[in-house]
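Encoded as structure tokens, the structure appears first; notes follow it.
Both backbone and side-chain heavy atoms feed into the values below; hydrogens, waters and symmetry mates do not.
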Amino acid sequence: MKVFKFGGASVKDAEGVKNLIKVLNATGSENKLIVISAMGKTTNALEVVVKDYLESAKIPATLKEVKDYHRNILAALFPNKESLVYFKVETLFTELENFLQHNKSNQYDFVYDQIVSFGELLSTTIVSEYLNSQNIASTWLDARNFIKTDSTYRDAQVNWTKTQEKVQEHLDPKKLNIIQGFIASDPNNFTTTLGREGSDYSAAIMAYCLNAENVTIWKDVPGVLNADPRFFQNAQLLNKISYEEAIELAFYGASVIHPKTLQPLQQKEIPLFVRSFINPSDEGTAVTKGKTIFPEIPCFIVKKDQVLISLSSLDFSFMVEENISEIFRLFHQYQMKVDLIQNSAISFRVCVDNKFNQLEKLIQHLKARFKVNFQTGVSLYTIRHFNEEAINNLEKDKIVLLKQLTQNTVQLVTEN
């Protein structure tokens, strides 16, 4: 079996859904599991619904935008208003509204997962029904019945044993199966999510459990580029990348592949392809065992809106094991992702991602034991396989706050 993953950009409108069929016609539709993200910017729109709901405890007016967006796609795909898909989509909206009316929790992460997950449920329902209407038989599956996790909402950890049991017992690999990315369920059957952009990870989880032949992530770019074209000029296609190098790029923040995606594929040496749904005949990028990277060129990564924190002890003692262990305990407590560390005898500097918006609490806690300075809104640039020209071009017209070099990687924290 092969696993295909289609992101939100690939199914953002009716034409995108129709193009998915063109991809299947070009690649074959048998023995495939298709993992699909929420349509377009639906996740962003549902995040607004979450915010408005928690502020008012009522069904937000912003939910109407989500409904209208999906209803417009339905109307373009299914001219017959008596089609069963209309009932299925409205049933999902009713289920969402029932949650909004009867939920008693005000815990953001829990509420987030229960609401935002409807984006994937809606997209897969529409795509599966459209495939069936075009005589491509597909089976709609609920990922929450297969991928089992703990109860760490918004960043759930997979229970691999239970997940593998569910997949191998209840999924027929001979069919064309449609399943949601990003979502799963905990031991109490509440919905969990695997982190933003977690649909790639979902595809890898399913591929691992199915011993898939390969995984293909279909994107609106030709494959994995050596830089994000939104921030860097003249980005080039990387034809081949090793698992290890792809993991490094993902760890440092490359946006094409989710950081957790590669490890389960590497364990079973399942090839990963990143290809363009616009030009499905192009080869794209192959992530496999073997050569580190081809062509051998510098790779640029940027993470915006980071926080640079500088710490020193209040009594001028050294920043050694005891102090550093306490700092990392607090980072874990406040769910801060550490992206860069630089320490000396009396100071400790770290660049972190304030993903869960707990910076204020962290800073107050740190001030009880350390002298603290911090700067928000900084950018973290990483160059893999750097050369002097790449560094000089990147530093040009930037205020560099911190710089660190290792054998293959240079990282810069800048004000812009």
Side-chain angles (χ1 to χ4, degrees), residues 1-46 65-96 116-146 171-183 199-200 202-203 206 215-220 275-281:
M1 172 176 257
K2 296 180 180 180
V3 176
F4 280 5
K5 181 263 176 175
F6 289 89
S10 65
V11 290
K12 65 181 180 181
D13 52 27
E15 291 306 311
V17 176
K18 292 176 182 178
N19 186 66
L20 190 151
I21 288 184
K22 293 180 183 178
V23 173
L24 290 178
N25 287 337
T27 60
S29 59
E30 295 181 351
N31 302 327
K32 284 191 172 64
L33 173 70
I34 299 182
V35 179
I36 300 177
S37 302
M39 292 176 152
K41 300 296 183 181
T42 296
T43 299
N44 293 344
L46 286 170
E65 297 175 21
V66 178
K67 289 182 175 181
D68 290 345
Y69 172 68
H70 288 86
R71 287 167 177 165
N72 288 337
I73 293 175
L74 276 178
L77 292 173
F78 302 92
N80 179 10
K81 297 299 188 291
E82 300 300 316
S83 173
L84 183 62
V85 67
Y86 285 91
F87 171 77
K88 290 184 176 181
V89 167
E90 292 306 319
T91 298
L92 287 170
F93 282 129
T94 299
E95 184 181 339
L96 173 53
V116 171
S117 57
F118 277 88
E120 278 69 20
L121 295 171
L122 288 161
S123 66
T124 51
T125 297
I126 294 171
V127 170
S128 180
E129 289 296 319
Y130 185 70
L131 291 177
N132 289 328
S133 75
Q134 300 301 303
N135 298 315
I136 300 177
S138 67
T139 301
W140 183 90
L141 303 174
D142 190 332
R144 297 171 296 184
N145 294 332
F146 294 91
L171 192 149
D172 185 351
K174 295 180 181 179
K175 295 181 178 179
L176 174 62
N177 298 286
I178 309 294
I179 198 167
Q180 306 77 34
F182 182 53
I183 72 173
S199 291
D200 290 358
S202 298
M206 299 302 292
V215 175
T216 302
I217 298 175
W218 296 95
K219 292 274 191 177
D220 56 356
R275 298 170 63 184
S276 168
F277 61 75
I278 300 169
N279 299 301
S281 61

For residues 30-41, dump all side-chain donor-acceptor pairs below 3.5 Å to protein atoms at least two apart in sequence or in another chain.
unit_1: Lys32; atom_1: NZ; unit_2: Thr27; atom_2: O; d: 3.3
unit_1: Lys32; atom_1: NZ; unit_2: Gly28; atom_2: O; d: 2.7
unit_1: Ser37; atom_1: OG; unit_2: Ser199; atom_2: OG; d: 3.0

Can any side-chain N or O of Thr124 pair as donor or acceptor with the backbone N or O of Leu121 at less than 3.5 Å?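 Side chain of Thr124 to backbone of Leu121: a pair is present.
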
- Query: Short question: side chain of Asp200, backbone of Ile217 - any donor-acceptor pair under 3.5 Å?
  - Reply: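 Flag not set: sc Asp200 to bb Ile217 has no pair under 3.5 Å.
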
Mind checking the [atom1]-[atom2] spacing from [X] to [Y]? Nearest 0.5 Å is all I need.
| X | Y | atom1 | atom2 | value |
| --- | --- | --- | --- | --- |
| Lys67 | Leu122 | NZ | CG | 11.0 Å |
| Leu20 | Ile136 | CG | CD1 | 8.5 Å |
| Lys2 | Ser29 | NZ | OG | 12.0 Å |
| Leu176 | Leu131 | CG | CG | 6.5 Å |
| Ser133 | Leu84 | OG | CG | 12.0 Å |
| Phe118 | Gln180 | CZ | CD | 11.0 Å |

Heavy-atom pair of closest approach, residues [X] and [Y]:
| X | Y | result |
| --- | --- | --- |
| Tyr86 | Ala75 | OH-CA, 3.5 Å |
| Leu46 | Gly119 | CD1-N, 3.5 Å |
| Phe182 | Val116 | CE2-CG1, 3.8 Å |
| Lys5 | Ala203 | CB-CB, 4.0 Å |

Which residues pass the side-chain contact (heavy atoms from CB on, under 4.5 Å) test with Ile278, not counting sequence neighbours?
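Expected list: Asp220, Ser276.
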
Exercise. Please identify each residue that fulfils side-chain contact (heavy atoms from CB on, under 4.5 Å) with Asn80, with sequence neighbours left out.
Key: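 Expected list: Glu82.
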
Contacts of [X] that satisfy side chain to side chain donor-acceptor pair (under 3.5 Å) - sequence neighbours left out:
| X | value |
| --- | --- |
| Asn72 | none |
| Asn135 | none |
| Asn132 | Ser138 |

Please examine the side chains of [Y] and [X], heavy atoms only from C-beta on, and report whether any two atoms are closer than 4.5 Å.
| X | Y | value |
| --- | --- | --- |
| Thr125 | Trp140 | yes |
| His70 | Thr42 | yes |
| Ile21 | Tyr130 | yes |
| Val23 | Phe6 | yes |
| Asn19 | Lys22 | yes |

field: Qualifying residues under ring-ring contact (aromatic ring centres under 6.0 Å, His included), relative to Phe4, sequence neighbours excluded
entry: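 Checked Phe4 against ring-ring contact (aromatic ring centres under 6.0 Å, His included); matches are Trp218.
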
Keeping to residues at least two apart or across chains, list the salt bridge (charged side-chain N to carboxylate O under 4.0 Å, His left out) pairs with something in residues 133-144.
->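 Listed once each, the pairs are Asp142-Arg144.
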
query = Under 6.0 Å from the NZ atom of Lys174, do we count more than 12 heavy atoms belonging to anything else shown?
reply =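 No, NZ of Lys174 has 12 or fewer neighbouring heavy atoms, counting only those of other groups under 6.0 Å.
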
Notebook entry, point to check: Just wondering, are more than 12 heavy atoms of other shown residues or ligands nearer than 6.0 Å to NZ in Lys175?
Noted result: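 Atom NZ in Lys175 is not crowded, with 12 or fewer foreign heavy atoms closer than 6.0 Å.
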
Name the atoms and distances for all side-chain donor-acceptor pairs under 3.5 Å in residues 11-18, with sequence neighbours left out.
unit_1: Asp13; atom_1: OD1; unit_2: Glu15; atom_2: N; d: 3.3
unit_1: Asp13; atom_1: OD1; unit_2: Gly16; atom_2: N; d: 2.8

Check: residues 87-96 side-chain donor-acceptor pairs under 3.5 Å, at least two apart:
unit_1: Lys88; atom_1: NZ; unit_2: Glu129; atom_2: OE2; d: 2.7
unit_1: Glu90; atom_1: OE1; unit_2: Arg71; atom_2: NH2; d: 3.0
unit_1: Glu90; atom_1: OE2; unit_2: Arg71; atom_2: NE; d: 3.0
unit_1: Glu90; atom_1: OE2; unit_2: Arg71; atom_2: NH2; d: 3.4
unit_1: Thr91; atom_1: OG1; unit_2: Phe87; atom_2: O; d: 2.7
unit_1: Thr94; atom_1: OG1; unit_2: Glu90; atom_2: O; d: 3.0

